[in-house]
*Asks:* 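Below you'll find the structure I mean.
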Amino acid sequence: LHRVDRRQRQMCIRDRYIFMTKYFRPRRSMLYVPGCNRRYLEKAKTLKIDSVILDLGDPILIEAKEESRSNVVDFLNQKKYGKREVVVRVNDFDSPWGINDIKAVAKADPDAVLFPNIESREDVLKAINELDKAGGKKIPIMLMIESPKGVLHAEEIAASSTRIACLILATSDLISQLHARTTQSRIAVLHSLSRVILAARAYDLAVIDGIHSNLKATDAFEYACRIGRDMGFDGKSLVHPDQLPYANDAYSPKLSEIKNAREIITSLAEANASGRGTVVVNDRLVEHHHVNAAKRLLELHEMIEELNNE
């Protein structure tokens, strides 16, 4: 049953690209935009960003919760964010606003709903149930992993539903709960990051790195983006537009990588046609799994180009 379920979640674009989930798309940059600020909500329509997260969650003051929800629904209904992915982060289930957030947002049909503080399979199923009851049966979900328990249960969470489009780390929360310190090397969370990446990839899910809250530490932010990219993340969640260029650059395929990917695909195809199972490209041995990675990179590149040309 598990294999059948996995096959149903994938699509094959013959002759060009490898198997990938229906939720595959660029998420180099995912910017949190507070629902209480209409000027920021408007500005996000013009930013060079892959995904915008309209935020109803913890950063919003209690007295602004209802207004934020109204603003977000209004902007969702305008449908003016172009090809950007539009996600809404709702409040916790056990808060006074969570269920009403889901009910309001489901009717406005965002690209996904982001649920915070997910720690178990039961949390995921509850999120889906509430979204379905609100009329959002076709809306994908995203899940925030922000606690030690959430990290330890990452595989259980990732395996819990085919509605999951993405896992997003909340590294700031995690560091606080670990009683750790924020350092440029990110040593306190490297194990946690790797564990969540493994869980996401095991179930063909996108996975996004957490925010960098020091807005003036540009060098440290850029370094964090490149660490995350090299670890396997798909992108970075952000709290300020000034961080966008660095995240987009770090997670964009470079021209040399694109050229190398095309050479890998062509060279191995020619080798296979002549009866060889491997080939050397740019001094590196190439096998079938390298072709899969190359095809994924080229698909991502084309999607990014489409976003950039909007």
*Asks:* Between the side chain of Asn272 and the main-chain N/O of Arg276, is any donor-acceptor distance below 3.5 Å?
*Replies:*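 Pair found, side chain donor or acceptor close to backbone of Arg276.
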*Asks:* Using side chain to side chain donor-acceptor pair (under 3.5 Å), reason through Lys236 and Gln243 one step at a time and then give a plain yes or no.
*Replies:* CA-CA 10 Å; Lys236 184 81 168 165; Gln243 298 174 326; over 6 Å; no
*Asks:* Contact between Ile265 and Leu298 at the side-chain level, heavy atoms closer than 4.5 Å - yes or no?
*Replies:*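 When only atoms from C-beta onward are counted, Leu298 and Ile265 do touch, with a gap below 4.5 Å.
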*Asks:* If you measure from CG on Asn308 to CD1 on Ile304, what distance do you get to the nearest 0.5 Å?
*Replies:*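 Reported value, rounded in 0.5 Å steps: 7.0 Å.
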*Asks:* Check Tyr81 against Val52 and note the closest heavy-atom contact, atom names and distance.
*Replies:*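 Taking Tyr81 first and Val52 second, the nearest heavy atoms are CD2-CG1, 4.1 Å.
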*Asks:* Between Ile164 and Ala158, what is the shortest heavy-atom contact and its length?
*Replies:*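 What the structure gives for the nearest pair is CD1-O, 3.9 Å.
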*Asks:* Could Lys216 and Asp242 be called an ion pair, given the rule that one side-chain N must be under 4.0 Å from one carboxylate O?
*Replies:*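 Here Lys216 does not pair with Asp242 in a salt bridge, since their nearest N and O are not under 4.0 Å apart.
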*Asks:* Taking salt bridge (Lys or Arg N to Asp or Glu O under 4.0 Å) as the criterion, tell me which of Arg25, Lys83, Arg84 meets it with Glu306.
*Replies:*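 Among the candidates, only Lys83 passes.
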*Asks:* Counting distance only, does the side-chain N/O of Ser267 pair as donor-acceptor with the main-chain N or O of Ile264 below 3.5 Å?
*Replies:*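 Looks like no, no N/O pair under 3.5 Å.
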*Asks:* Relative to each other, are the rings of Tyr246 and Phe221 parallel, tilted or perpendicular (30° and 60° limits)?
*Replies:*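 Taking Phe221 first and then Tyr246, their aromatic rings stand perpendicular (interplane angle over 60°).
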*Asks:* Just verifying a value: how many Å separate Tyr23 OH and Leu205 CG, rounded to the nearest 0.5 Å?
*Replies:*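 So the OH of Tyr23 and the CG of Leu205 are separated by 10.0 Å.
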*Asks:* Nearest 0.5 Å, please: how far is CD1 in Ile211 from OG in Ser172?
*Replies:*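 The OG atom of Ser172 sits 5.0 Å away from the CD1 atom of Ile211.
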*Asks:* Taking Glu156 for its side chain and Arg121 for its backbone only, find out whether a donor-acceptor pair lies under 3.5 Å.
*Replies:*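 Confirmed, Glu156 side chain pairs with Arg121 backbone.
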*Asks:* Under the side chain to side chain contact (heavy atoms under 4.5 Å, CB included) rule, what do Ile208 and Cys166 come out as? Steps first, then yes or no, please.
*Replies:* CA-CA 7 Å; Ile208 303 299; Cys166 184; 3.4 Å; yes
*Asks:* Are the side chain of Asp92 and the backbone N or O of Ser95 linked by a donor-acceptor pair below 3.5 Å?
*Replies:*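 Between the backbone of Ser95 and the side chain of Asp92 there is no qualifying donor-acceptor contact (under 3.5 Å).
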*Asks:* Is Asp74 salt-bridged to Arg38, going by a charged N under 4.0 Å from an acidic O?
*Replies:*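 Yes.
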*Asks:* To check you understand the geometry: which heavy-atom pair defines the closest contact between Pro110 and Val105, and what is its length?
*Replies:*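 Taking Pro110 first and Val105 second, the nearest heavy atoms are CD-O, 3.3 Å.
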*Asks:* Just one of Val113, Val90, Val73 clears the side-chain contact (heavy atoms from CB on, under 4.5 Å) bar with Asp101, so which one?
*Replies:*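 Option passing the side-chain contact (heavy atoms from CB on, under 4.5 Å) with Asp101: Val90.
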*Asks:* Would a distance-only check, ignoring hydrogens and angles, find a side-chain to backbone donor-acceptor pair under 3.5 Å from Asp50 to Arg28?
*Replies:*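 Between the backbone of Arg28 and the side chain of Asp50 there is a qualifying donor-acceptor contact (under 3.5 Å).
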*Asks:* With salt bridge (charged side-chain N to carboxylate O under 4.0 Å, His left out) as the test, would you mind laying out the steps for Asp132 and Arg163 before giving the verdict?
*Replies:* CA-CA 11 Å; Asp132 287 353; Arg163 287 270 292 280; 3.1 Å; yes
*Asks:* Considering all heavy atoms of both residues, which atom of Ile60 and which atom of Ser68 are nearest to each other, and what is their separation?
*Replies:*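 Smallest heavy-atom distance, with atoms named: CG2-OG, 3.2 Å.
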*Asks:* Do other residues, nucleotides or ligands put more than 12 heavy atoms under 6.0 Å from the NZ atom of Lys80?
*Replies:*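 For Lys80, atom NZ is not crowded (no more than 12 foreign heavy atoms under 6.0 Å).
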*Asks:* What is the minimum heavy-atom distance between Arg201 and Gly232, and which atoms define it?
*Replies:*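 Arg201 and Gly232 have their closest heavy atoms at NH2-O, 2.6 Å.
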*Asks:* Could you tell me whether Leu285 atom CG has more than 12 heavy atoms of other residues or ligands within 6.0 Å of it?
*Replies:*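 Counting other residues, nucleotides and ligands, CG of Leu285 exceeds 12 neighbours.
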*Asks:* For the pair Arg186 and Asp209, find out whether any cationic side-chain nitrogen is under 4.0 Å from an anionic carboxylate oxygen.
*Replies:*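 Result for this pair is yes, salt bridge flagged.
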*Asks:* Any chance you could lay out the side chain to side chain donor-acceptor pair (under 3.5 Å) test for Lys65 and Asn91, step after step, and finish with the verdict?
*Replies:* CA-CA 9 Å; Lys65 291 287 189 182; Asn91 284 281; 2.7 Å; yes
*Asks:* Please determine whether the number of non-hydrogen atoms from other residues, nucleotides or ligands lying under 6.0 Å from atom NZ of Lys254 exceeds 12.
*Replies:*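 Yes, enclosed.
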*Asks:* Look at Arg296 together with Glu299 and state whether they make a salt bridge at an N to O cut-off of under 4.0 Å.
*Replies:*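 Looking at Arg296 and Glu299, the cut-off is not met.
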*Asks:* Are the side chain of His290 and the backbone of Glu287 linked by a donor-acceptor contact shorter than 3.5 Å?
*Replies:*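 Here the side-chain-to-backbone pair exists.
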*Asks:* Kindly compute the distance separating CD1 (Ile102) from CZ (Phe93), expressed to the nearest 0.5 Å.
*Replies:*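 Answer for the CD1-CZ pair, Ile102 versus Phe93, is 5.0 Å.
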*Asks:* Does Glu263 offer a backbone N or O that forms a donor-acceptor pair with the side chain of Thr266 under 3.5 Å?
*Replies:*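 Between the backbone of Glu263 and the side chain of Thr266 there is no qualifying donor-acceptor contact (under 3.5 Å).
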*Asks:* Calculate, to the nearest 0.5 Å, the distance between atoms CG and CG belonging to Leu143 and Leu169 respectively.
*Replies:*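 Interatomic distance, Leu143 CG to Leu169 CG, rounded to 0.5 Å: 12.0 Å.
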*Asks:* Using modelled atom types and a 3.5 Å cut-off, is there a donor and acceptor pairing between side-chain atoms of Arg195 and backbone atoms of Leu152?
*Replies:*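 Yes, because the side chain of Arg195 sits within donor-acceptor range (under 3.5 Å) of the backbone of Leu152.
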*Asks:* Below 4.0 angstrom, N of the basic side chain to O of the carboxylate: do Glu222 and Arg226 qualify?
*Replies:*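 Salt bridge flag = yes for Arg226 with Glu222.
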*Asks:* For the pair Glu130 and Lys133, find out whether any cationic side-chain nitrogen is under 4.0 Å from an anionic carboxylate oxygen.
*Replies:*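 Judged by the 4.0 Å cut-off on N to carboxylate O distance, Glu130 and Lys133 do form a salt bridge.
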*Asks:* How many angstroms lie between atom CG of Leu174 and atom OG of Ser192, to the nearest 0.5 angstrom?
*Replies:*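 Rounded to the nearest 0.5 Å, the CG-OG separation comes out at 4.5 Å.
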*Asks:* Quick one: does Asn71's side chain have a donor or acceptor within less than 3.5 Å of a partner on Gly35's backbone?
*Replies:*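 Judged by distance alone, yes, a pair lies under 3.5 Å.
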*Asks:* Tell me whether Asp234 contacts the main-chain N or O of Val207 through its side chain, where contact means a donor paired with an acceptor under 3.5 Å.
*Replies:*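 A pair under 3.5 Å: yes.
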*Asks:* Which atom names give the shortest non-hydrogen contact between Ser160 and Val124, and what distance separates them?
*Replies:*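 Answer, listing the atom of Ser160 first, then Val124: OG-CG1, 3.2 Å.
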